[in-house]
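To start, the structure under review is shown below, and the notes come after it.
What you see is a predicted model, and the numbers here were worked out from it, not measured in a lab. Below, chains carry the letters A, B, ... as their sequence lines are ordered, and counting in each starts from 1.
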Amino acid sequence: MGSYDFTEIESRWQQVWADQGMYRVPNPGDQNFDESKPKKYFLDMFPYPSGAGLHVGHPLGYIGTDIFARFHRMRGANVLHPMGFDSFGLPAEQYAVETGVHPRITTEKNIETYTRQLKAFGFSYDWDRMVATTDPEYYRWTQWIFLQLFGAWFDEEQGKARPMDQLVEELESGLRSADGVMWQNLPELDRREYLDSQRLAYIDEVPVNWCPALGTVLANEEVTVDGRSDRGNYPVFKRPLRQWMLRITAYADRLIDELDLVEWPESVKTMQRNWIGRSEGATIIFDVEGHTQMRVFTTRPDTVFGATYMVVAPEHPMVDEITKEMWPDGTKPLWTLGIDTPRDAVAAYRLAASRKSDIERQAEDRQKTGVFTGGYAINPLTGDPVPIFIADYVLVGYGTGAIMAVPGQDERDWEFAEAFDLPIVRTVQPPPEFDGDAYTGPGPAINSGFLDGLDIDAAKKRIIQWLETNGAGMGTVTYKLRDWLFSRQRYWGEPIPILHGPNGELIPVPEDELPLLLPEVDDYSPHASDDEHAEPTPTLSNASDDWKFVEIDGVSYERELNTMPQWAGSCWYYLRYIDSSDDERLVDPDMERYWMGDSGVDLYVGGVEHAVLHLLYARFWHKVLNDLGHVGTKEPFGRLFNQGYILADAYQDERGIYVPAADVVEDDGIFTYEGEAVIPVYGKMGKSLKNSVNPDEIFDEYGVDTLRLYEMFMGPLDTSRPWSTKDIVGVHRFLQRLWRNFIDEDTGEVLVSDGPSDGDLQVLLHRTIEAVGHDMENLHFNTAVARLFELNNALVGIERVPSDVADVLPRLLSPLAPHVAEELWSRMGKEGSVVTADWPLCDKSLIAEDTATMVVQVNGKVRDRIEVPIGITEEDAVALALGSERVRAHTGGAQPRKVISRLPNILSLVV
RNA sequence: GCCCGGGUGGCGAAAUCGGCAGACGCGGCGGACUUAAAAUCCGCUAUCCGAAAGGAUGUACAGGUUCAAAUCCUGUCCCGGGCACCA
């Protein structure tokens with residue numbers, strides 16, 4: 001009755017809130033919708049529901065958004081605060097491979113566990129809006145969006161996606177040609193191929209990241225720096241393959257420029273800009289001896305006079321054409337690999353290069369290798385012949401896959417030139433003190449004909465002008481960003497709703513046949529292998545012929561057997577929450593306009609690991625949907641916030657294997673696990689370090705409110721912080737002290753007085769209201785908690801809590817620790833729920849004081865503190881200060897030479 | 001190598017604009033209550049010198065600007081993250 005029984009209080013209120021639908025939020029048009037309130041959309045990055053369940057590190061950001069949502073509700077906003085599950089993915093499928101249990105079963109079970117755990121945190125989600133990406137009613141619309149991408153093209157002039165119909169119209173009317181060919185003159189087959197090549201979702205043969213161990217290909221973003229898979233850390237190899245691609249590159253500029261519209265951490269914006277990697281330069285056309293031409297991309301067209309050789313990527317399609325039968329005169333032995341003919345030398349080098357994985361290329365310490373092709377190009381500016389090499393330091397996928405090498409101004413080219421004894425010409429004058437090799441800094445052009453004397457920028461402009469007038473090139477922009485490889489050979493993903501006809505026709509599955517359900521298969525195994533040359537085979541090829549083949553008008557069509565990558569479902573889930581049960585359309589336009597407003601989601605909180613992948617893909621899809629008129633904003637997430645991580649001690653045994661941290665025993669600084677010594681390390685809490693702390697244990701011992709407060713009190717939301725179970729007692733003591741301040745533990749009597757506070761306590765109360773409100777707005781929950789501690793501490797020793805304090809404190813606490821706040825509110829007999837109570841207002845007149853502490857500095861050092869009236873004049877202040885013994889001890893009684901004041905707080909005397 | 005963050009007591013941290021460094025909590029020390037312990041309550045707790053009053057030093061390091069710097073500027077070191085032969 002009287003003691004703080006958090007377990008009982010928390011479970012009871014969670015039940016009451018659920019029964020009353022406390023956190024249900026109506027849409028425009030719904031019954032209880034109040035359009036006079038401002039809208040707020042607060043979103044968490046939804047989790048993948050893993051079998052291990054939640055640990056205390058997962059909900060850090062969720063606690064933050066929940067507090068923010070509760071705060072804004074009390075301040076009178078309509079708050080959309082939903083949760084769901086990104087439930088397609090590898091672990092459920094791997095489990096299915098091992099056990100034969102259908103991934104749907106595993107997934108449903110895990111979702112159930114996650115839902116139970118999330119509900120136990122007392123989060124104020126509107127669970128009626130929950131989505132799971134694996135739900136056919138959800139992925140129906142993921143497939144629908146894919147068909148929108150398939151049914152659209154990117155109009156370069158308008159800079160936006162448009163429906164294919166409009167392209168066909170413009171082609172038929174002659175407004176536009178198909179790569180220079182009139183539509184009327186194009187055979188039927190070529191027309192189809194042309195149209196298919198223009199779509200935002202298209203099939204192309206491209207070098208892909210093939211991961212045999214996972215049995216699937218991966219997007220560039222899913223491959224780590226050392227050429228391994230992001231998930232599972234398996235080796236990844238490059239190989240050409242026909243795959244579905246999404247034309248994200250068409251949006252490269254908008255994805256950069258429209259970052260200006262959003263309030264995101266600068267670091268995330270920078271990462272996206274770097275990933276897109278826009279660089280401006282020029283394409284320069286080199287005549288290759290004899291007949292053909294070669295295009296190179298350079299960001300330094302101003303250095304073209306110093307281009308003394310050319311390098312082509314080993315995989316470049318023109319290599320065969322350039323390569324000569326015989327080594328020409330003047331071939332240096334160094335250039336030939338010691339092989340008799342250029343053809344054999346080039347073949348040997350290409351073979352060696354193709355065998356190298358990205359890791360090996362890396363490991364070689366960037367030693368420059370390459371071989372001469374026997375061919376020469378003509379430098380269009382100097383007219384000199386320059387030898388053409390192939391070398392793997394030039395990448396086929398970037399720019400034109402060929403470069404003009406300017407060793408004087410490029411470190412890589414310098415290294416290669418030294419290794420192969422090639423001429424070096426400086427075309428920018430380095431400063432006199434420069435003693436390095438390649439010079440990449442600013443300076444006037446030299447050895448560059450009509451460019452001489454110009455600085456780099458001017459020289460670039462001038463040479464591009466020259467190239468364009470002489471038909472030798474043009475200004476060009478290139479990007480590091482590649483189109484998004486969208487096929488996966490896995491089972492547990494959205495089927496791609498396309499049929500393949502006998503002549504290569506691509507037929508979209510009609511919208512009214514969506515969702516295209518995943519077929520049942522006997523074997524979920526991907527065709528995984530240790531062999532990098534194994535042929536990728538989609539798991540859906542294990543489906544029955546009934547599913548795989550569709551007959552339309554007597555013609556047999558084969559279904560697309562690849563599935564979508566895991567990122568697909570998370571590209572648009574924030575839209576589905578708005579109207580999660582709509583079976584007519586993706587989202588109702590009126591509801592979408594209301595909740596997304598002018599700038600999209602008002603606060604999106606999640607880990608920084610999604611800085612590139614998820615956030616770039618989602619922005620891309622959103623822009624396409626915007627172009628096609630399905631959503632109203634240019635950007636999906638107006639404000640992004642990256643929460644930190646919970647870190648924890650972890651332990652490795654002798655072999656470097658992590659052991660369960662919970663079972664490690666410490667004795668006088670020595671750590672042991674099952675009697676063996678282990679080494680303490682430190683890192684992000686999670687399965688891989690085996691250092692997870694289960695929230696259930698904390699709930700049992702301290703309760704939900706304590707855990708919520710603890711995670712917030714540890715530090716600012718955006719910094720990582722070490723978990724320390726022993727520190728939890730601090731916030732737990734706070735709640736118990738709060739309880740004892742309000743409730744007599746023996747009798748259960750509510751210890752609230754009839755009269756309000758006065759004096760210092762009243763001032764403190766209103767200061768707390770102001771400070772907590774301010775902290776809440778700025779997501780400074782750690783300091784908000786500290787302010788509440790102070791107010792609570794001031795109540796200790798007071799017989800009864802003054803009525804105004806009793807009225808305010810539970811409301812201030814309610815977003816942070818909703819259960820105990822609701823219990824106190826209810827025990828005091830207050831009207832309604834504290835959840836829907838108004839946020840307290842601060843009476844500013846009460847916190848304006850009539851005296852202040854004036855700090856007196858002498859020569860910049862604090863020497864005394866004096867209470868002064870708020871409106872004190874400088875003259876009085878100086879007189880007061882000079883009257884102080886402590887001040888006089890440092891002024892030696894002399895008059896100050898100079899007085900600086902910020903009255904009534906600071907008086908600075910210089911003597 | 002390049003690009004972002006960050007570095008404050010024994011520990012987690014705080015410090016709107018350049019204006020009292022260390023709020024709040026953990027831990028520690030001392031005290032009250034208790035037969036005792038736990039819980040609770042009270043006090044102290046940056047470092048050094050000092051019995052104290054007080055003084056000196058102190059926000060990674062070295063400089064600078066300023067009456068005044070954790071905060072601004074220059075350089076260096078360390079930690080974390082991203083990118084990495086991108087022409």
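- Checking B/rA21, B/rA23, B/rC3 against the side-chain heavy atoms of A/Arg787 singles out B/rA23 as nearest.
- Proximity of the aromatic rings of A/Trp414 and A/Tyr439 is defined here by a centroid distance below 6.0 angstrom, and this criterion is not met.
- The gap from the P atom of B/rC67 to that of B/rA14 amounts to 31 Å, rounded to the nearest Å.
- What separates CG of A/Leu259 from P of B/rC4 is a distance of 16 Å, to the nearest Å.
- Aromatic ring pairs are classed by plane angle as parallel below 30°, tilted from 30° to 60° and perpendicular above 60°; the pair A/Phe297 and A/Tyr398 is perpendicular.
- Rounded to whole Å, the P atom of B/rC29 lies 15 Å from the corresponding atom of B/rA37.
- Rounded to a whole angstrom, the distance from the C1' atom of B/rG7 to that of B/rA56 is 25 Å.
- In this structure, of B/rA23, B/rC3, B/rA13, it is B/rA13 that holds the atom nearest to the side chain of A/Pro716.
- Closest to the A/Phe297 side chain, of the nucleotides B/rA23, B/rU16, B/rA87, is B/rA87.
- Pairing of B/rC77, defined by two Watson-Crick or G-U wobble distances under 3.5 Å, is identified with B/rG7.
- For A/Val855, counting side-chain heavy atoms from C-beta on, the closest listed nucleotide (B/rC20, B/rC85, B/rA87) is B/rC20.
- Nearest to the side-chain atoms of A/Lys480 among the listed nucleotides B/rC83, B/rC20, B/rG12 stands B/rC83.
- Between B/rU57 and A/Lys861, a contact under 4.0 Å exists linking OP1 or OP2 to a side-chain N or O.
- Searching all strands for a Watson-Crick or G-U wobble partner of B/rC2 with both distances below 3.5 Å returns B/rG82.
- A/Trp275 does not carry A/Arg619 over the face of its six-membered ring by the limits of under 6.0 Å from the centre and within 45° of the normal.
- For the residue pair A/Thr303 and A/Gln409, no side-chain donor N or O sits within less than 3.5 Å of a side-chain acceptor on the partner.
- Contact record, A/Met776 with A/Ile67: SD-CG2, 3.7 Å, taken as the closest heavy-atom pair.
- Across all strands shown, A/Asn778 has no heavy atoms under 4.0 Å from either base or sugar-phosphate atoms.
- Between B/rG10 and B/rC49, the distance separating the two P atoms is 15 Å to the nearest Å.
- Atom CZ in A/Arg721 sits roughly 8 Å away from atom P in B/rA13 (whole-Å rounding).
- Rounded to whole Å, the separation between the C1' atoms of B/rU59 and B/rA21 comes to 7 Å.
- In this structure, A/Glu790 atom CD and B/rA14 atom C1' are separated by 10 Å, rounded to whole Å.
- Remark: C1' of B/rC41 and CD of A/Glu745 are 14 Å apart, rounded to the nearest angstrom.
- Heavy atoms of A/Arg278 sit nowhere under 4.0 angstrom from any nucleic acid atom.
- Contact annotation for A/Arg737: backbone-only contact, meaning every heavy-atom pair under 4.0 Å involves sugar-phosphate atoms and none involves a base.
- At a threshold of 4.0 Å, the pair A/Lys368-A/Glu418 does not count as salt-bridged, since none of the basic side-chain nitrogens sits closer than that to a carboxylate oxygen.
- With a glycosidic angle no further than 90° from 0, B/rG9 counts as syn.
- For the P atoms, the distance linking B/rG9 with B/rU34 amounts to 42 Å, nearest Å.
- Under a 3.5 Å cut-off, the side chain of A/Tyr710 and the backbone N or O of A/Ser724 do form a donor-acceptor pair.
- Between B/rC72 and B/rC17, the two P atoms lie 10 Å apart (nearest whole Å).
- Take the nearest nucleotide of RNA chain B for A/Asn905 and for A/Pro722: the residue whose nucleotide is more 5' is A/Pro722.
- Here A/Thr719 lies out of heavy-atom contact (under 4.0 Å) with every strand.
- Rounded to whole angstrom, the span from the CD atom of A/Glu701 across to the P atom of B/rA39 amounts to 13 Å.
- Using a 4.0 Å heavy-atom distance criterion, A/Phe713 is classed as a base contact.
- In the set B/rG55, B/rA14, B/rA87, B/rG55 carries the atom at the smallest distance from any side-chain atom of A/Arg863.
- Side-chain atoms of A/Glu867 and A/Thr853 form a donor-acceptor pair, as typed in the model, at a separation below 3.5 Å.
- Within the structure, every side-chain polar atom (N or O) of A/Asn793 is placed at least 4.0 Å from both OP1 and OP2 of B/rC24.
- The side chain of A/Arg273 contributes no N or O atom lying less than 4.0 Å from OP1 or OP2 of B/rC3.
- A salt bridge does not link A/Glu770 with A/Arg787: none of the charged nitrogens is closer than 4.0 Å to a carboxylate oxygen.
- With a cut-off of 3.5 Å on both Watson-Crick or G-U wobble distances, the partner of B/rU57 is given as B/rA46.
- Between the side chain of A/Ser908 and the base of B/rC67, a donor-acceptor pair under 3.5 Å is found.
- Residue contacts shown for A/His890 are limited to sugar-phosphate atoms, with no base heavy atom under 4.0 Å away.
- Heavy atoms of A/Pro265 sit nowhere under 4.0 angstrom from any nucleic acid atom.
- In this entry the base of B/rC17 is syn relative to its sugar, with a glycosidic angle within 90° of 0.
- With a cut-off of 3.5 Å on both pairing distances, the Watson-Crick or G-U wobble partner of B/rU40 is B/rA32.
- Mapped onto RNA chain B by nearest heavy atom, A/Asp727 and A/Gln736 fall at different nucleotides, with A/Asp727 at the one closer to the 5' end.
- Using Watson-Crick or G-U wobble geometry with both donor-acceptor distances under 3.5 Å, B/rA70 finds no partner in any strand shown.
- One atom, CZ of A/Arg733, and another, P of B/rG12, lie 19 Å apart when rounded to the nearest Å.
- Here the side chain of A/Ser279 is nearest to one of B/rC67, B/rA87, B/rU40, namely B/rA87.
- Among the protein residues, A/Lys898 comes within range of the sugar-phosphate backbone only, with heavy atoms under 4.0 Å from sugar or phosphate atoms but none that close to a base.
- With hydrogens and angles ignored, a donor-acceptor pair under 3.5 angstrom links the side chain of A/Gln857 to the base of B/rG19.
- Ring pair A/Phe389/A/Tyr309 is perpendicular by interplanar angle, where above 60° counts as perpendicular and below 30° as parallel.
- Between A/Leu709 atom CG and B/rC24 atom C1' the separation is 13 Å, expressed in whole Å.
- Remark: the separation of the P atoms in B/rG31 and B/rA38 is 13 Å, to the nearest Å.
- Nearest nucleotide to the side chain of A/Ser267, out of B/rC85, B/rC4, B/rG19: B/rC4.
- Here the nucleotide nearest the side chain of A/Arg902, chosen from B/rC67, B/rC85, B/rA14, is B/rC67.
- Taking every side-chain heavy atom of A/Val729 into account, B/rC26 is the closest of B/rC20, B/rC26, B/rA87.
- Using a 4.0 Å heavy-atom cutoff across all strands shown, A/Gly860 reaches sugar-phosphate atoms only and no base atom.
- Atom CZ of A/Arg300 and atom C1' of B/rC85 are 17 Å apart (whole Å).
- For A/Arg886 and B/rG54, the shortest distance from a side-chain N or O to OP1 or OP2 is below 4.0 Å.
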